Structures are given as C-alpha cells and as structure tokens.
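These numbers come from a predicted model, not from an experiment. For the single chain, residues carry numbers from 1 onward in sequence order.
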Amino acid sequence: MGQNILAIAEIRDGEFRSVSYEIIYQARKLAESTGGEAIAVAVGSGITEKAAELGHWGAHRILVLDDPRFEQYAPEGLTETVLAAAKTYDPSTILFPASRRGKDLSPRVAARLQSGLLVDCTDLEISEGHLVATRPAYAGKVLLKIRPKTLPAVVSLRPKAAGKPVRSEESAGSEVVALSDLNLEDAQLKTQITGFEAAAGKKLDLTEADTIVAGGRGLKGPENFNILEDLAEALGGTVGASRAAVDLGWRPHEDQVGQTGKTVNPGLYIACGISGQIQHIAGMRTSRNIVAINKDAEAPIFGLATYGIVGDLFDVVPRLTEELRKIKDAEH
C-alpha cells in the first residue's frame with residue numbers, strides 16, 4: 001500500500017487561492033512516487049461545488065467540510081478537520097502552503113500529532129521511499145536537505161517554489177467526500193475571526209506574485225515609488241520594498257521583502273535602488289530571474305542578479321516601462 005499525501009487547500013472569500021493548486025499539484029507528484037493518493041482537504045462555507053475543481057490539479061480524493069461557521073479562517077476547526085483526515089487516511093506527509101495561515105495552522109497540527117515540522121520548504125522529493133525536504137537556512141546562505149524522523153511529516157511549502165502547476169482539462173477521477181460526520185461543537189471553536197480588510201490599492205499579495213518590482217533607499221522618497229508602480233503595472237506584477245524603505249515609512253510593512261518581511265519566489269524580481277544586504281537577500285534569493293538596477297556597480301545585489309543594469313533608476317525604470325508599453329500596444 002502506498003503512502004498518502006494530504007494537501008490542505010487555502011480558501012479566502014469563498015475562493016481557492018492559487019497556493020492551493022500549487023500544493024495539490026506537488027502532492028500529486030509525491031503520491032506518484034509513493035504509490036499513494038493525493039488527498040485534498042478543503043474547509044469553508046459554500047465550497048462543495050467548487051471543490052471538484054481540485055481534481056483538475058491532481059487530487060485523487062477531495063475531503064470537504066462545508067460549514068457556515070468556516071466562512072472565515074477558523075484555526076481550531078481546521079486543526080480538528082486535518083487531524084480527523086489524518087486519522088482516517090494515514091498520510092505519510094501533510095502539506096500546507098507556507099502562507100500566513102499555513103504558518104499558523106501547520107504547527108498546531110504538528111504539535112497535536114507530535115510530529116516533526118518542516119517549514120518554508122523550497123523543494124520536496126521522495127528518495128529511497130522517504131520524503132526529503134529542501135529549505136534555506138542562515139538567511140538563505142545554505143540549503144538544507146532534511147529527512148523527517150517521525151510520520152506523518154508536517155510540511156509547509158513556499159509559494160511558487162514547486163514551479164507553475166498545470167491544470168488538466170480532465171479531472172483526476174477524484175471523489176468528493178463530505179466530512180458531514182465531523183461534529184465540531186461551538187465550544188471547540190475558540191477563535192472567531194469576523195473578517196479581513198484588504199490594504200487599499202493592493203492588487204496582489206507579494207507571496208503569490210509572479211513578478212515583483214521592489215524599491216529601496218535609492219528611491220529617495222515615498223513619492224518616487226510611482227515609477228515602480230508604473231513598471232509593475234506594465235509587467236502585470238506588484239510592488240515590494242526593502243526593509244530600509246519600510247523603516248523610513250515609505251511603504252507599509254506588508255510590502256517588505258526580507259528576513260523580517262515576506263519571503264517571495266517569483267519568476268521575475270526587479271530590484272531597484274536596493275544594495276542587496278543579507279536581510280533582503282534572504283527573502284528573495286530563490287527568485288528564478290533577478291534583475292538589479294543600481295548606480296553603484298559594487299552593490300552586493302549584482303552578485304546574485306541574473307541580469308544587472310548599472311545606471312540611475314530614475315532614468316532606467318521609466319525607459320523600461322515605456323518600451324514594455326510599446327510592446328503591449330503593438331500586440332493589441
């Protein structure tokens with residue numbers, strides 16, 4: 001009998017987030033190596049019909065708890081649901097996205113199961129029948145290969161780390177199973193979240209963005225981030241910032257990329273006026289393509305960059321934006 005992989009989907013405002021498809025896709029790849037099933041767990045309100053979509057991303061089986069009490073994130077209820085699924089399907093690995101919710105929920109589950117917890121992993125593989133996880137350490141200076149000693153292994157996977165998932169037009173023949181016999185008492189739901197308020201003007205969470213244009217102290221002031229906003233719009237991306245820019249009050253903390261901010265893994269990361277100190281590098285070094293724009297040819301960021309432009313960002317960035325817009329206009 002193969003080893004099952006449990007993938008915990010993440011839902012916001014009644015919709016599955018893109019990180020859900022990524023971890024289910026990764027769970028399917030692992031399950032193919034173990035001979036087990038990729039089992040998705042979805043908890044929310046009014047999600048039963050939508051849950052079938054997870055089969056197109058690789059789930060062999062979809063466990064659904066559809067309950068009005070879970071319209072918002074309910075950590076205790078989700079924990080109990082995951083534990084019940086683990087008890088029934090005996091997975092070797094329980095996989096979470098390394099999002100804010102995943103980082104809150106995964107240690108709760110690991111503690112209850114008395115299992116090892118591997119956080120913010122960038123790669124997962126099956127070697128000689130065992131899970132081997134890769135995760136950065138020492139501010140990203142080294143990559144650790146870790147094999148958990150206890151099962152099930154509780155793992156959180158960094159968004160975008162597994163590559164872009166591929167949706168199949170044909171469902172995996174997955175079965176949707178309603179967890180209707182999981183009778184959770186209101187007393188078990190100790191935390192009640194009434195809602196979330198999105199930051200004004202924010203189009204896309206940094207951790208989910210495939211293109212990020214980030215600015216640092218070299219922008220000289222908050223008013224100059226508008227040139228980065230223009231470039232990000234032309235690329236269909238979003239804007240981030242270094243800790244220096246955030247500490248100066250130029251951008252909100254939610255825009256911060258780095259060791260004390262968000263860890264991102266986009267396909268394209270454009271660093272504008274960022275010197276490349278280790279605190280910032282720790283949050284973006286796994287980006288697949290890094291473009292550095294800095295007038296200091298000795299800036300550390302150039303040592304990491306895929307492409308480097310030595311020049312004044314106030315000249316380079318608007319010219320890039322202009323050329324990109326010309327290309328888009330020509331396409332249309």
Assess the side chains of [X] and [Y]: does a donor N or O sit below 3.5 Å from an acceptor N or O?
| X | Y | value |
| --- | --- | --- |
| Q3 | T34 | no |
| D104 | Y73 | yes |
| T321 | D230 | no |
| T286 | R158 | yes |

Exercise. Under a 4.0 Å N-O cut-off, is there an ion pair linking E208 with R12?
Worked result: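 Looking at R12 together with E208, the answer is no, because their closest N to O distance does not fall below 4.0 Å.
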For this session: Decide, yes or no, whether a salt bridge links K326 with E322 under the criterion of side-chain N to carboxylate O below 4.0 Å.
Result: yes
Residue list, side-chain contact (heavy atoms from CB on, under 4.5 Å) with [X], at least two apart or on another chain:
| X | answer |
| --- | --- |
| I11 | F16, A42, I47 |
| K145 | E125, V132, T134 |
| E15 | K50 |
| L83 | T79, E80, V109, R112, L113 |

Exercise. What residues form a ring pair (Phe, Tyr, Trp, His ring centres under 6.0 Å) with Y269, not counting sequence neighbours?
Worked result: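 Testing Y269 for ring pair (Phe, Tyr, Trp, His ring centres under 6.0 Å), a comparison that skips the adjacent residues, returns H280.
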Exercise. So which pairs with a foot in residues 256-277 pass salt bridge (charged side-chain N to carboxylate O under 4.0 Å, His left out), sequence neighbours left out?
Worked result: D205-K262
Exercise. For the residue pair Y21 and W57, is the inter-centroid distance of their aromatic rings smaller than 6.0 Å?
Worked result: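 Centroid distance Y21-W57: below 6.0 Å, so yes.
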